[in-house]
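Presented below is the structure to which this report refers.
Since this is a predicted model, take the numbers as computed values, not measurements. Atoms considered below: every heavy atom in the structure, side chains included; atoms not considered: hydrogens, waters and symmetry mates.
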Amino acid sequence: MDPRARPYRSVLYIPGSKPRALDKARTLPVDAIIFDLEDAVSVEEKENARKTLADALAAGGYGARMKIVRINGLDTAWGHSDAEAAARMGCDAILLPKVSSPADLDALAEITGDVPLWAMMETPRGMLNAAEIAAHPRLQGMVMGTNDLAKDMQTRFRADRLPLMSGLGLCVLAAKAEGKIIVDGVFNAFKDTEGLAAECAQGRDMGFDGKTLIHPAQVDVTNEAFAPSAAEMDLARRQIAAFEEAEASGQGVAVVDGKIVENLHVVTAREILAKADAIAAISG
C-alpha cells in the first residue's frame, strides 16, 4: 500500500521486551504499531529486547498493520546495535528518537540502508528545523513526542496544549509541505476517554494523520476520531456529484447545502472517500 494512502489513525506503542504485549498487538484494531526499544524498555532489558522483538516480527501475524521499530538514540550505548538489528527485522520503518536535524537521519541511513525512516519530533531544535527534517529524502513519517517537548520547554500542562501549539504547527506544516505522514503525540491519561476524544479532535482539526497511543483502551476513540464520519462521506459524495453535474452543464462551480463547491472542495471530497476506502481495506 502507498504510505500516503495507508491509514494512521491509531499508532500504538508496544514494548519490544514484552512477549505477551507483542502477541496481543496482533489482535488489536490499530493501523500501526511502534515496537519500542527505547523508553518502554529498561536498561537491563535493552539487549534481550532486540532478540525478543526480532523473534516476534519473524513469527509474523501482524497483518496489514504498519510495523515501526523505535530504536534508542545513536548517541546511546544501544542505538547503533538497535539500528543494525532493526534493519534486519523486516519492519516497515525505523523510528529515531529526538531528531533535531537532517544530519541525525543521515547517520541512521548509513546504518540501515534502504529501510524507510521516521523521526521523533520532540526537541525545541527539532521544531526549529522541522522543514529541513521533513525534506529528508529517506524520511517517510514524523511522530510528535509531546511529553519530551513539554519537558524541554518547561511548560505547564494545559488541556488545550497552548504552550505546544507553535511546535505542533511547525511540524504539521513541514510534513504537509513534503507529503510526509505526521501523527500526534500521546494522551497520558489513558482512562480519560472524554479528554482523549477532545485532544483527538484538536489534532484532527490541525491536520494530523492520527495519534500515538500508550494503551489499547485508547484505540476505539482514536480510530473513530481520525476516520471520515458518515456525515463527511455523505457530503463528499454530494459535492462530487454536484460539481460533476455543474461541469457537464458548462459551469465552474456548484452549490451544496447553500455553499459554493469548487474544484478544491472536490479534491478534498475525493481524499475523504479514498481514506474511507483505505480504512475499510485495512480493517477487512
Side-chain angles (χ1 to χ4, degrees), residues 2-9 11 13 31-39 66-76 78-80 82-84 86-87 91-155 161 163-186 202-204 206-213 226:
D2 181 340
R4 282 297 309 165
R6 180 193 291 267
Y8 289 91
R9 299 166 298 167
V11 183
Y13 285 101
D31 292 338
I33 301 169
I34 295 176
F35 298 98
D36 197 11
L37 296 176
E38 193 207 15
D39 288 346
M66 179 79 170
K67 302 180 295 294
I68 305 166
V69 174
R70 180 167 74 168
I71 65 172
N72 287 276
L74 297 181
D75 59 345
T76 70
W78 315 281
H80 196 282
D82 282 351
E84 290 181 328
C91 60
D92 298 310
I94 297 173
L95 175 60
L96 183 66
K98 295 180 174 58
V99 175
S100 293
S101 75
D104 297 331
L105 297 173
D106 288 338
L108 179 58
E110 289 182 4
I111 304 169
T112 56
D114 295 331
V115 182
L117 306 182
W118 282 51
M120 287 294 306
M121 303 299 293
E122 51 189 340
T123 68
R125 192 170 300 282
M127 303 303 102
L128 295 175
N129 291 332
E132 291 80 8
I133 292 168
H136 194 282
R138 295 291 309 284
L139 188 75
Q140 186 181 83
M142 304 167 83
V143 179
M144 296 306 307
T146 43
N147 284 334
D148 277 280
L149 181 60
K151 173 184 69 68
D152 286 357
M153 291 179 62
Q154 299 176 303
T155 68
R161 301 199 293 180
L164 303 179
M165 279 296 114
S166 294
L168 293 171
L170 284 170
C171 290
V172 170
L173 285 170
K176 299 301 177 179
E178 300 295 338
K180 306 295 174 69
I181 301 297
I182 183 163
V183 293
D184 201 356
V186 299
Q202 181 194 58
R204 173 64 189 87
M206 291 185 70
F208 283 102
D209 295 299
K211 192 167 184 65
T212 45
L213 312 176
F226 285 93

### Query
Given the rule in the side-chain contact (heavy atoms from CB on, under 4.5 Å) test, do Glu38 and Leu95 qualify, once you have shown the distances and angles that lead to the verdict?
CA-CA 10 Å; Glu38 193 207 15; Leu95 175 60; over 6 Å; no
### Message
Apply side-chain contact (heavy atoms from CB on, under 4.5 Å) to residues Arg138 and Leu105 and explain how you reach the verdict.
### Response
CA-CA 8 Å; Arg138 295 291 309 284; Leu105 297 173; over 6 Å; no
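Counting heavy atoms from C-beta outward, Leu149 and Thr155 have side chains that stay 4.5 Å or more apart. You'll find the side chain of Leu168 reaches within 4.5 Å of the side chain of Thr146, heavy atoms only. Contact annotation: the side chain of Met144 approaches that of Met127 to within less than 4.5 Å [non-hydrogen atoms, C-beta and beyond]. In this structure, the side chains of Gln202 and Met165 come closer than 4.5 Å at one or more pairs of heavy atoms. Using a 4.5 Å heavy-atom threshold, the side chains of Val69 and Leu37 count as touching. Taking the side chain as every heavy atom from C-beta outward, Lys98 and Asp152 never approach each other to under 4.5 Å.
When all heavy atoms are compared, the tightest approach of Ala93 to Gln140 is CB-OE1, 4.3 Å. The nearest pair of heavy atoms linking Lys211 to Gly185 is NZ-O, 2.7 Å. The shortest non-hydrogen separation linking Leu74 to Ile71 is CD2-CD1, 4.3 Å. The two residues Arg161 and Asp184 come nearest to each other via the heavy atoms NH2-OD2, 2.7 Å. Nearest heavy-atom pair across Ala130 and Ala174 is O-CB, 3.4 Å. Closest non-hydrogen pair, Leu213 versus Val186, comes out as N-CG1, 4.2 Å.
Asn129 contributes no side-chain N or O that, together with a main-chain N or O of Ser101, makes up a donor-acceptor pair within less than 3.5 Å. At distances below 3.5 Å, at least one donor-acceptor pair connects side-chain atoms of Lys180 with backbone N or O atoms of His136.
The distance from the NZ atom of Lys176 to the SG atom of Cys171 is 12.5 Å, given to the nearest 0.5 Å. Taken from CE in Met120 to CD1 in Ile133, the straight-line distance is 12.0 Å, to the nearest 0.5 Å. With values rounded to the nearest 0.5 angstrom, Glu84 atom CD is found 6.5 Å from Ile111 atom CD1. Atoms CG and CG, from Asp104 and Leu117 in turn, are 11.5 Å apart once rounded to the nearest 0.5 Å. Atom CG in Leu108 sits 9.5 Å away from atom NE2 in His80 (nearest 0.5 Å). In this structure, CD in Glu132 is found 9.5 Å from CD in Glu178, a value given to the nearest 0.5 Å.
Under the salt bridge (charged side-chain N to carboxylate O under 4.0 Å, His left out) criterion, Arg204 pairs with no residue, sequence neighbours left out. Applying the salt bridge (charged side-chain N to carboxylate O under 4.0 Å, His left out) rule to Asp39 yields the partners Arg70; only residues at least two apart in sequence or on another chain are considered.
Within the structure, every pair that satisfies the ring pair (Phe, Tyr, Trp, His ring centres under 6.0 Å) test and touches residues 103-130, not counting sequence neighbours, is listed here: Tyr8-Trp118.
Partner of Val11 under the side chain to side chain contact (heavy atoms under 4.5 Å, CB included) criterion, out of Val143, Thr212, Asp209: Thr212 alone. Of the candidates Val99, Val172, Ile182, Ile182 is the only one forming a side chain to side chain contact (heavy atoms under 4.5 Å, CB included) with Met142.
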